[in-house]
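Scope of the values below: all heavy atoms of this structure, side chains included, with no hydrogens, waters or symmetry mates. Residue numbering restarts at 1 for every chain, and letters A, B, ... go by the order of the sequence lines.
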Amino acid sequence: MSTITAHEAIGQALAEEMRRDSTVIAFGEGVATKRHELVEEFGRARVRNTPLAEGIIAGTAAGAAATGLRPVIDLLFAPFICFAMDEIVNSAGKLRYMSGGQFSFPMVTLAMTGAGWGVGAQHNHNNEAWFVHSPGLKVVMPSNPADFKGLLKASIRDDNPVVFFLDIGLLYVPGEVPEGEHVVPLGKAAIPREGSDVTLISYGKTVHACLAAAKTLEGEGISAEVVDLRTLKPLDEEAFLASVRKTGRAVVVHEASRTCGVGAEVAATIAEKSFASLAGPVVRIAGPDVPAPSSYPLEQAFVPSAAQIVTSVRGLVGK
Amino acid sequence: MSTITAHEAIGQALAEEMRRDSTVIAFGEGVATKRHELVEEFGRARVRNTPLAEGIIAGTAAGAAATGLRPVIDLLFAPFICFAMDEIVNSAGKLRYMSGGQFSFPMVTLAMTGAGWGVGAQHNHNNEAWFVHSPGLKVVMPSNPADFKGLLKASIRDDNPVVFFLDIGLLYVPGEVPEGEHVVPLGKAAIPREGSDVTLISYGKTVHACLAAAKTLEGEGISAEVVDLRTLKPLDEEAFLASVRKTGRAVVVHEASRTCGVGAEVAATIAEKSFASLAGPVVRIAGPDVPAPSSYPLEQAFVPSAAQIVTSVRGLVGK
Amino acid sequence: MDMESRRESARALFQSMVLIRAFEERAAAAQAEGKAPGTCTSVGQEASAAGVVKALSSNDLILTNHRSAGHLLARGADPGRMMAEVLGKATGYCKGKSGTLHISVKELGVILTSTIVGGELSLATGVGLSVSMQGSDAVVACFFGDGAACEGIFHESLNLASLWNLPVLYVCENNQWQAFVHRKETMLADHISPRAASYGMDGVTVDGNDVEAVNEAARVAIAKIRETRKPFLLETYTYRTRGHYEPDDQTYVDPEELASWKARDPIASYKKKLLAAGTVSEADLAAIQREVETTIDGAFLFASESPYPAAEELLTDVYA
Amino acid sequence: MDMESRRESARALFQSMVLIRAFEERAAAAQAEGKAPGTCTSVGQEASAAGVVKALSSNDLILTNHRSAGHLLARGADPGRMMAEVLGKATGYCKGKSGTLHISVKELGVILTSTIVGGELSLATGVGLSVSMQGSDAVVACFFGDGAACEGIFHESLNLASLWNLPVLYVCENNQWQAFVHRKETMLADHISPRAASYGMDGVTVDGNDVEAVNEAARVAIAKIRETRKPFLLETYTYRTRGHYEPDDQTYVDPEELASWKARDPIASYKKKLLAAGTVSEADLAAIQREVETTIDGAFLFASESPYPAAEELLTDVYA
Ligand SMILES: Cc1ncc(C[n+]2csc(CCOP(=O)(O)OP(=O)(O)O)c2C)c(N)n1
Ligand SMILES: Cc1ncc(C[n+]2csc(CCOP(=O)(O)OP(=O)(O)O)c2C)c(N)n1
Ligand SMILES: [Mg+2]
Ligand SMILES: [Mg+2]
């Protein structure tokens, strides 16, 4: 164990996987500049800066992935993926199926998002639900440095295209991370806190709001279980359904806009598959359906808070 | 009233709106070729073919919309919007907000999708949920020729960017369409059939599967109400919540993939806002989470059928 | 080249073009008879496909698009399995999941076929990167249309390939049409190849209706790529004489323009040339033609009799 | 130009550059002191902004990007309201919703500012189309970087503008950097302007550190656009001497290259030139400098004292 930031954990995962497998390569706008320790160890052929052109970065990754390499690309901020949608969705996500299984696309696309940088909606757009809704992709969004490392390692080893979101508010917060081989399997949620009265389901930064809320609620005699989804596709339905069957109440929390967000999928799955256990409505707490503002106080108001969660749970539990 | 196809209804709406408002223009790959009657009436300046470049088609529309024109663009098939995501999402959807309200983007983007043409997932991808999840946009998906006309007229008059989906399976099916001024307001669902035991909520082609199922169910003594959402953003929550409060049961149906589809939003909203009225789980019937296949029998198997709906409702009603 | 190898090469080029024509016309006829879904043919452009593909070595790779039958057949794809794919049958190269517009045949090196215009351009750089990092001497041929050359990804792809020294032969099949839009409505210049200069790349235009000229230009370009490991842009200037997608009544086409290009039909012209030069005999060519007809009859029969994919196939091949 | 108008013009160009420099350095200093969020400055490139913008007429329109302070200030934007926007205050031009990277000022014709690299290129054609269909003689100036010239939308935008005769002045500020990547790592050629040829467009490169040369080149280009209603590509070849985004330690920059460009600082060079030619006196220039300092002090004070937007603003301005 060592205490490092998520940013460092990502660097560790990249270095370990590149050491382990010579087909792993990394490129993107500034990847070689920002990760110069990787350039030093693995050389300029495997770690590259690119022109400013997200489409061809992603397309190159898809073409390379289908022919023997395992590219990790950095598209910087999630809204910039808009320029790479065709390559990720129409090529990497669909060409395996359309070719009758002839190709696979072991590639990882990194993108930052979320409040914390104060530069507004063209940098901050939690669009992960787009990719959850697109066939053939996997989607990951970790909440802590250890998972950043373990999930990234698993993503690089996965034979499918993974879109890996970095919640910018988490990147420079330190946490304990196991050294060396630490692989967190895709598709498995975590339960960072057990409880019996209500299930708080979240991912990314708002997991911490849930944990804070759970702590406050504990003081009020309400026992909250927290489910950290970690992988958004495939979703670990069993994990959150089992929890809701136990607690009978669910609050789903994320920073992404409410309408058609991942929380909608989670809530709908609960309403369909564990309806009989429900003691009350499935509540969603999410970002408003507006572009993310730049101004600091507005940006903060955009993000679900522990206080909101506490209030909701109180209402739900009837206290 | 005359009996025309949705394709003709679209032509009628375009012609009427272009006649009414000289700022309405239309362009895209083949628009001038396919709609030559518009070229004849309005000239080559207002009805244009374009180079094969979806990004600049959408960007040109956004720039023109912000400066006094009302463009209608045809991006052909929904997967091709992947090349125009930045212009639609990051520019048209966000720049009003980011500029503090200085600009508006009265533009309509047309795109076909859905089963029926047998050419697979790079032409057939029901990705409407992406746009429902993106701030600042409106999303429309009609189910019959009259609505194609009325909703398109309303979309062209709307001061916001509208993404307007054409379910390809509906385009050449004739139906009754009012002549002249027939405007269907955005954000209002329709109830094409009333009922008391269960609410079937859908949009686009699968509305007809719901209507067929309702007919079959009637024969079994089950009274199904059908809600046609028509506009997916803003969603007419009140319409489907009121229906579910009456019937106590909801089945949500669409062709788009299940995970994070519009059905998830509808089901989640029901589970949150009309939970107390629910007599059973909220059921979703949707396309599988796979790319759309080309082969005819597989393509057909992709689409929710009336039979599936009937079976589901029987289970739900306990008959 | 001595006479015998010249004759061999001529026969191969001619056979390839005739096979492509026959295959596509059969697929189109089947559509008209309601026995097949629509398809995109490359009638009139066969010289481009045959000329370029026959210049490649067997370890070279090919990326192509919606108008790919020519590239596949020239590469040696089985017409039966191709026709089965057109009909959406389980015996098709992609198990019927592709259908006509995106047939890939990995074992032949025809990979990642995509019907997103520009898709092949976006993927070719990655294939070039793999080839180049694996130290292989293979060349990656990337076929695309004049329409794809209007997409931004054209710019991005050529720039990156040039910058990173990727061994990609970009082949722009400038057939004067972008679906229902004439090329002249999409760009000011007549030619695509001069755009290579923006990327420090070499670019050449060749008469796309002259199969030997195409073949020779491709050989030169490929040799250059193998030597320099730098990309190259080859434009084959040609014309699509059938519609964009079956059925297509072509009412939007200027009949004079169409007639003038039909008069330059690549197969008829080549036949005339070969006969005039005495390279191959009339009987020889007729035999090739008959053999092709038999092949295509067999292919269509195979495809028609093949089963559709099983229902379970709907859900397979999504994830690796 | 007579002596007096030459002096006037020189003063205006000098004042504009000094104002831009002072504004951006103040914003950067505020960031360092923890009083402001990060920002992108254009230090070293002021001649490009001042030279081009001062060549425009008041009904012309401007589209710009993340590095826009120069274009805005040269156009006459109020430094107070700009600084307020940088600080995310309610008095900012965009009510604090933009922040520093996408300030638009519609009443000045600086519209649709976007921080998506290439966003301005995608929107400029539409603005050009509006202007052209409305029969206005306005020109649309579209500022973008060498990085944006790598995006596919550059290709699509220039092609369409040329094809449709849109009155767009494309201004590529080639500052040798694309965030943390040197331009040389992104393209083989040194210059962007020759790419105009691919679209049948005129393209010219000008020394972007010589404000009079930029101004003159822009005047010529704009006159040509007004006359022909055709687009034009002007490349201002310059250098960003501060970091990409505050804070930025520039450890990735070659110190010699940086020093050589700093030695060609556009403000210092212009000052020297003006004094040598006797166009303006040292006292005159010093007065301009002092006035600018006062303006910026006032602007920062105004911004600091302005309130943040009210919480309800989170939900407004989404739909029209
Ligand atoms: C991104 C995208 N846009 C539009 C289409 C629809 N479409 C299919 S083929 C075609 C024309 C392509 O023209 P070109 O690239 O010249 O190739 P050609 O068909 O002439 O061989 C169009 C517009 C598509 N498949 N993909
Ligand atoms: C589509 C997109 N990709 C990446 C970025 C991140 N980014 C912001 S500015 C910048 C560099 C832009 O370079 P250039 O276009 O040359 O403009 P400059 O900053 O040099 O003025 C980058 C990569 C972005 N904002 N948008
Ligand atoms: Mg073409
Ligand atoms: Mg730059």
request  = Determine the option with the most heavy-atom pairs under 4.5 angstrom with chain C, choosing from A:R46, A:R48, A:K94.
outcome  =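 The residue among A:R46, A:R48, A:K94 with the greatest pair count is A:R48.
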
inquiry  = Looking at chain C, which one of A:A92, A:A45, A:S99 has the largest number of heavy-atom pairs inside 4.5 Å, strictly under?
reply    =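 Winner by heavy-atom pair count: A:S99.
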
query = Within 45° of the ring axis of C:Y319 and under 6.0 Å from its six-membered ring centre, is that where the NZ or CZ of A:K138 lies?
reply =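 The answer is yes; both the distance and angle limits are met.
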
request  = Check step by step if side chain to side chain contact (heavy atoms under 4.5 Å, CB included) holds for C:H244 and C:Q178.
outcome  = CA-CA 8 Å; C:H244 164 56; C:Q178 301 175 9; over 6 Å; no

If I measure from the heavy atoms of chain A, does [X] come under 4.5 Å with its side chain, its backbone, both, or neither?
X      : answer
C:E313 : backbone
C:T113 : backbone
C:I116 : side chain
C:L314 : both

Heavy-atom pair count under 4.5 Å with chain A, highest-scoring of [options]:
options                        : result
C:G92, C:S104, C:S98, C:G118   : C:S104
C:G99, C:P309, C:G126          : C:G126
C:I153, C:L166, C:V131, C:V140 : C:I153
C:S130, C:G119, C:G152         : C:S130
C:L101, C:V105, C:L163         : C:V105

[X] versus chain C, heavy atoms under 4.5 Å apart: side chain, backbone, both or neither?
X      : result
A:F83  : neither
A:L137 : backbone
A:E87  : side chain
A:L95  : side chain

key: Side-chain heavy-atom pair A:E17, A:K153 within 4.5 angstrom cut-off   = yes

message = Ignoring hydrogens and geometry beyond distance, is a side-chain donor-acceptor pair present between C:T316 and C:K97 at under 3.5 Å?
response =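 The answer is yes; a qualifying pair exists.
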
query = Is there a donor in the side chain of A:D167 and an acceptor in the side chain of A:N126, or the other way round, less than 3.5 Å apart?
reply =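 No, no side-chain donor-acceptor contact under 3.5 Å.
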
So [X] and [Y], would you call those rings parallel, tilted or perpendicular, with 30° and 60° as cut-offs?
X      : Y      : result
C:Y199 : C:H155 : perpendicular
A:F27  : C:W164 : perpendicular
A:H254 : A:Y203 : tilted

key: Main-chain N/O of C:T64 paired to C:S68 side chain as donor or acceptor, under 3.5 Å   =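 Not confirmed, C:S68 side chain does not pair with C:T64 backbone.
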
query = NE2/C:H71 to SG/C:C142 distance, rounded to the nearest 0.5 angstrom?
reply = 10.0 Å

